[in-house]
S.K.: 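Structure in structure tokens, see below.
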Protein chains: 2
Amino acid sequence: MKQKQRKQYAEEFGLAFEQFGITRMAGRILGWLLVCEPPHQSPQDLQDALQASKGSISTNTRMLERLNFVERISLPGDRRTYFQVKADAWSGIMQTEVVALEQFQNMTRRGLEQMDNEPEEQRRRLQEMHDFFQFIQKELVTMMKHWEESKTI
Amino acid sequence: MKQKQRKQYAEEFGLAFEQFGITRMAGRILGWLLVCEPPHQSPQDLQDALQASKGSISTNTRMLERLNFVERISLPGDRRTYFQVKADAWSGIMQTEVVALEQFQNMTRRGLEQMDNEPEEQRRRLQEMHDFFQFIQKELVTMMKHWEESKTI
DNA sequence: TGTTAAGTTTAGTAAATATTGAACTTAATG
DNA sequence: CATTAAGTTCAATATTTACTAAACTTAACA
């Protein structure tokens, strides 16, 4: 893969991950870190590769770090920080997903609480939503367990 | 549930669903349709309840319809259109999820294709991402199957 | 301890997105 | 048919969000 292709890939990755809710720049960084050589890159490297400002690289690497996609490493005799994609970067996505589902779950629960003494017919709409999200949440958790198992074997 | 509570609920719902990627107004409409009485509402009803413009109600109900959250019904001797939440509104969310995952999947595949003749060590990062998403995708599909089964029983 | 490099934070700006309001289309009813 | 109501579309505006550039902080090294 040529350097130019990598940059192109980072751009596409940025666009694709925008839909996922992270900024385009964070997506570009992540895409770049997936294909770059070497796999660890300094903020300056990222700046050059992606033609972005220092500030933007800083905020977005922090965000990727917080979301568990990327980790920060240091090298002996080197003042700089390097970033690389985390080994278990992807299962974090599902963790995030579970948290989001919990929030929806809370929405339905709060609604149902306020309908305590209304007829089932009136509560049905929220009840259905509640049941579905409860199902999904449980399934996602076992799914992740399966994944962890398949990795350790 | 008092009318005022319902409006309040719609507002909270709008905020919560914003994170999910739909507009705040679409979220408000959905939230309102989950608790309103009767369960079907005309655009005018929605306008009054949510204090929104005709245009915004129109665009957002269409969006909710397209996303399969809401359906349009008509009543005899009534010129207006009514909206109500669809019975299977929620499983659609997962369907959307599967489609999104497919896109990420495509991203990884295209990357790996461009790395055809590079050492495994270099491809590893993308390969891991690929494997994970493949796993999730399969699991989600069977999960939805379980859900469908649990409903028909 | 002064100088420089690395990284963070923040104010300002640019870009994107949602909402309104008004013009337009379509169809129902007197 | 003419009039009115219902709904859609679109241009303008308001709001939000991302990015840059510059100021600031921290720490390494001469």
Side-chain angles (χ1 to χ4, degrees), chain A residues 7 10-33 38 40-67 69-84, chain B residues 7 10-33 38 40-67 69-84:
Chain A
K7 293 183 184 182
E11 291 301 326
E12 288 172 31
F13 209 93
L15 283 171
F17 261 64
E18 227 169 9
Q19 303 176 38
F20 172 70
I22 67 177
T23 67
R24 187 177 296 184
M25 188 59 76
R28 282 197 271 242
I29 294 172
L30 190 53
W32 176 260
L33 288 175
H40 53 88
Q41 303 271 300
S42 72
Q44 184 63 57
D45 295 336
L46 295 172
Q47 249 190 92
D48 296 345
L50 307 174
Q51 285 160 91
S53 70
K54 224 155 76 122
S56 185
I57 297 294
S58 175
T59 357
N60 282 292
T61 47
R62 298 191 138 250
M63 154 173 275
L64 288 172
E65 213 184 350
R66 192 170 52 73
L67 293 173
F69 284 124
V70 150
E71 66 191 348
R72 191 176 287 255
I73 62 170
S74 65
L75 299 177
D78 192 334
R79 190 167 177 164
R80 279 165 300 183
T81 300
Y82 292 89
F83 293 100
Q84 63 184 18
Chain B
K7 292 184 184 182
E11 291 301 326
E12 289 171 30
F13 209 93
L15 283 170
F17 260 64
E18 229 170 7
Q19 304 174 39
F20 172 70
I22 66 177
T23 68
R24 187 178 296 183
M25 188 57 75
R28 282 197 271 241
I29 294 172
L30 192 52
W32 176 260
L33 288 176
H40 53 88
Q41 302 271 299
S42 73
Q44 184 63 56
D45 295 336
L46 295 172
Q47 247 191 92
D48 296 344
L50 307 174
Q51 287 160 84
S53 71
K54 224 154 77 122
S56 185
I57 297 294
S58 176
T59 355
N60 283 290
T61 47
R62 299 194 135 249
M63 155 173 276
L64 288 172
E65 212 184 352
R66 194 171 49 74
L67 294 173
F69 284 123
V70 151
E71 65 190 349
R72 192 176 287 252
I73 62 169
S74 64
L75 298 177
D78 194 334
R79 188 165 177 163
R80 279 165 299 184
T81 301
Y82 292 88
F83 294 99
Q84 64 184 17

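Computed from heavy atoms alone, side chains included, the values below leave out hydrogens, waters and symmetry copies. Lettering of chains follows the sequences in order, A, B, ..., and the numbering in each one begins at 1. Just so it is clear, the model here is predicted, and its values are computed rather than measured.
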S.K.: How many whole angstroms separate atom CZ of A:R62 from atom C1' of D:dC19?
M.R.: 17 Å
S.K.: Decide whether B:Q84 and B:Q41 meet the rule of one side-chain donor and one side-chain acceptor closer than 3.5 Å.
M.R.: no
S.K.: Just by modelled atom types, is the B:A52 backbone N or O under 3.5 Å from a matching donor or acceptor in the B:S56 side chain?
M.R.: no
S.K.: Rounded to the nearest angstrom, tell me the gap between atom CZ in A:F83 and atom C1' in C:dG7.
M.R.: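 Interatomic distance, CZ of A:F83 to C1' of C:dG7: 9 Å.
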S.K.: OP1 or OP2 of D:dA21 less than 4.0 angstrom from a side-chain nitrogen or oxygen of A:S53, does that happen here?
M.R.: no
S.K.: If the cut-off is 4.0 Å, is A:N60 near the phosphate of D:dA18, judged by side-chain N/O to OP1 or OP2?
M.R.: no
S.K.: For the CD atom of A:Q44 and the CZ atom of A:R80, what is their distance to the nearest 0.5 Å?
M.R.: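 Rounded to the nearest 0.5 Å, the CD-CZ separation comes out at 8.5 Å.
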S.K.: Could you state the CZ-C1' distance from A:R28 to D:dT20, rounded to the nearest angstrom?
M.R.: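 Rounded to whole Å, this separation is 13 Å.
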S.K.: Specify the separation, in whole Å, of atom CD of B:E18 and atom P of C:dA16.
M.R.: 19 Å
S.K.: In sequence, state the C-alpha distance, the side-chain angles, and the governing distance for B:I29 and B:F13, and then conclude on side-chain contact (heavy atoms from CB on, under 4.5 Å).
M.R.: CA-CA 9 Å; B:I29 294 172; B:F13 209 93; over 6 Å; no
S.K.: Measure CD/A:Q19 against P/C:dT17 and give the value in whole Å, please.
M.R.: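 Rounded to the whole Å, the gap is 11 Å.
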S.K.: Between protein and nucleic acid, restricted to nucleotides 1-6 of chain C and to nitrogen or oxygen atoms under 3.5 Å apart, what atom pairs and distances do you find?
M.R.:
unit_1	atom_1	unit_2	atom_2	d
C:dT4	O2	A:R79	NH2	3.4
C:dA5	N3	A:R79	NH2	3.4

S.K.: Write down the distance between CE (A:M63) and P (D:dT17), rounded to a whole number of angstrom.
M.R.: 12 Å
S.K.: Which residue, A:R24 or B:G55, contacts DNA chain D at a nucleotide closer to its 5' end, judged by nearest heavy atom?
M.R.: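 Of the two residues, B:G55 wins.
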S.K.: Pick base, sugar-phosphate or nothing for B:T23, based on heavy-atom distances below 4.0 Å to the nucleic acid.
M.R.: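 Here B:T23 touches the backbone only, sparing every base.
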S.K.: With A:N60 as reference, evaluate A:T23, A:L30, A:I22, A:L46 under the side-chain contact (heavy atoms from CB on, under 4.5 Å) test and give the passing residue.
M.R.: A:T23
S.K.: Please confirm whether the backbone N or O of A:I57 pairs with a side-chain atom of A:T61, one donor and one acceptor, at under 3.5 Å?
M.R.: yes
S.K.: Rounded to whole Å, please give me the gap between CG in A:L15 and C1' in C:dA16.
M.R.: 14 Å
S.K.: Atom CD of B:Q51 to atom C1' of C:dT19: distance rounded to whole Å?
M.R.: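 Result: 14 Å.
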S.K.: Just by modelled atom types, is the B:K54 backbone N or O under 3.5 Å from a matching donor or acceptor in the B:S58 side chain?
M.R.: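 Checked: no pair found.
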S.K.: Please tell me if B:S56 has a side-chain N or O lying less than 4.0 Å from either OP1 or OP2 of C:dT20.
M.R.: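 For B:S56, the contact criterion (side-chain N or O under 4.0 Å from OP1 or OP2 of C:dT20) is met.
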